[in-house]
Number of protein chains: 2
Amino acid sequence: MSAAAAETTDERIVRAAGVLFAERGYAGTTTRAIAETAGVNEVTIFRRFESKAGILRAMGERFAEQAAGFSAVQQPDSEDTHATLLALARSEISSAAENGGAAIRLAFDARTVPEVAELLGDGPKRNMDALAEYMAVRQEAGDLRSDIAPHVLAEAFFALTSSYVMYRTVMGYAEIPQDSDMDTTVEQLVDVYWSGAGSKKTDR
Amino acid sequence: MSAAAAETTDERIVRAAGVLFAERGYAGTTTRAIAETAGVNEVTIFRRFESKAGILRAMGERFAEQAAGFSAVQQPDSEDTHATLLALARSEISSAAENGGAAIRLAFDARTVPEVAELLGDGPKRNMDALAEYMAVRQEAGDLRSDIAPHVLAEAFFALTSSYVMYRTVMGYAEIPQDSDMDTTVEQLVDVYWSGAGSKKTDR
DNA sequence: AGTGTATGCAAGTACTTGCTTGCATACTAT
DNA sequence: ATAGTATGCAAGCAAGTACTTGCATACACT
């Protein structure tokens, strides 16, 4: 969509790998399949990326470029909990949609595939911990209900916001929709979360 | 824990396979690893289960025994939306916890591993569709907010309730807790969902 | 024209994986 | 004691996978 014009061989390969990683996982994706999907000879992959892990690394660098991640939590206006959560959800989902759910799926592989673990590092866990810590702070500030453990609140938030992309790309239950539709849906999901996780006195 | 006494060879194998499937997926789990984990010679596996898919089948039969699934939706008192959702969440999570998250993880493999797809069939999707339909009915009854598409509501529900088990077993972020702790947590998560997804006029 | 660069194609290597075979060993039941 | 059953052990096979090598072809730049 964005670069309909000339897509380099490298880009085609990485994009194909992303699609396949998302639906088959890292171990379940063969270099042959990547080559076929990218419309490239298998040897070209190794000439350009050295190894299968090399593709992963290149992909990781693209992740890093877009990676907003939990930085939203450190936004200046983080006093406004609802706005902060919405911003976080938006950046999470848009980047997840952009890489076709590959990052989400790879998080599952990280535990058992060393290369993936190295790529992601403790990123996902750090994200989670950071969000949990933020949740704890907002609990003390009276914004969030305090009868639920902060890390459970954080897990629930990620689950809620990533489910939309996950069910579509990773599990293939439906087609991934337009950006506009998705934006509305994300708002609604955050709204659900905020209505349920926000403290009872606070209100909308 | 439950059967500390005599566990048959078959049971040990299936249990070991469940643990490994949950954390590595079906394709990522070798029969050698299953044998080692079960403390059994690899040949024994093939003598008793014929093939790797045979273990899967045996595991599927155990799933079926516990399988409550979306049957909760068809409960007689399904007019009480909150109670119905809570019952659904409880049965989902307890069975997920029982099989160590294997079922959740296998749902990811279903798309690309034929044996897994055959085992699960359209079960997960039917569950999802059935729940979405229930959501639609309760929307019309005025119990649930109607600005969100029913299937998004359904996805969000499953995501919220299964995330707790998923983050622990599949992604290994933490140890899986006691039943009592989990029960409380499930209640809280359903409460979050209900507060956020219930229609504004209805109230708790 | 000639040289370098990117790619395709065919074949092959080392290793893993699901699965098999043949034989030895322990236990149980009659 | 004898026979049947369940398991272990060692070795191996066929298929697939990541990765390599050697050679041919197309294109760009000078």
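Here is how names work: the chains are called A, B, and so on, in the same order as the sequence lines, proteins then strands, and each is numbered from 1.
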Check: Do B:Ser163 and A:Glu155 have a side chain donor and acceptor closer than 3.5 Å?
Finding: no
Notebook entry, point to check: Will you find, in the side chains of A:Arg138 and A:Thr81, an N or O donor that is under 3.5 Å from an N or O acceptor?
Noted result: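 A:Arg138 vs A:Thr81: donor-acceptor pair found between side chains.
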Could you give the [atom1]-to-[atom2] distance, from [X] to [N], as a whole number of Å?
X       : N      : atom1 : atom2 : answer
B:Leu20 : C:dT17 : CG    : P     : 13 Å
A:Glu36 : D:dA18 : CD    : P     : 13 Å
B:Ile13 : C:dG18 : CD1   : C1'   : 15 Å
A:Phe49 : C:dT7  : CZ    : C1'   : 14 Å
B:Asn41 : D:dT5  : CG    : P     : 20 Å
A:Arg48 : C:dT5  : CZ    : C1'   : 10 Å
A:Glu50 : D:dA18 : CD    : C1'   : 13 Å
A:Glu11 : C:dA6  : CD    : C1'   : 16 Å

If you check every side-chain atom of [X], which of [options] has the closest atom?
X       : options               : value
B:Glu42 : C:dC19, D:dG8, D:dC19 : C:dC19
B:Phe46 : C:dG8, C:dC19, D:dC19 : C:dC19
B:Lys52 : C:dC19, D:dG8, D:dT17 : C:dC19
B:Arg32 : C:dA6, C:dT17, D:dA18 : C:dT17
A:Val43 : D:dC19, C:dA10, C:dA6 : C:dA10

[X] side chain N/O closer than 4.0 Å to the phosphate oxygens (OP1, OP2) of [N]?
X       : N      : answer
B:Thr31 : C:dG18 : yes
A:Thr44 : C:dG8  : yes
A:Thr9  : C:dT7  : yes

Next item on the list: For the pair A:Asp191 and B:Arg145, find out whether any cationic side-chain nitrogen is under 4.0 Å from an anionic carboxylate oxygen.
Entry: yes
Notebook entry, point to check: Salt-bridged, A:Arg90 to A:Glu187, with N to O below 4.0 Å?
Noted result: yes
Margin query: Quick one: does any side-chain atom of A:Arg12 pair with a main-chain N or O of A:Thr8 as donor and acceptor, under 3.5 Å?
Written below: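 The answer is no, because no donor-acceptor pair under 3.5 Å joins these two groups.
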Check: Given that B:Arg12 and A:Arg47 both sit by DNA chain D, which one's nearest nucleotide is further toward the 5' end?
Finding: B:Arg12
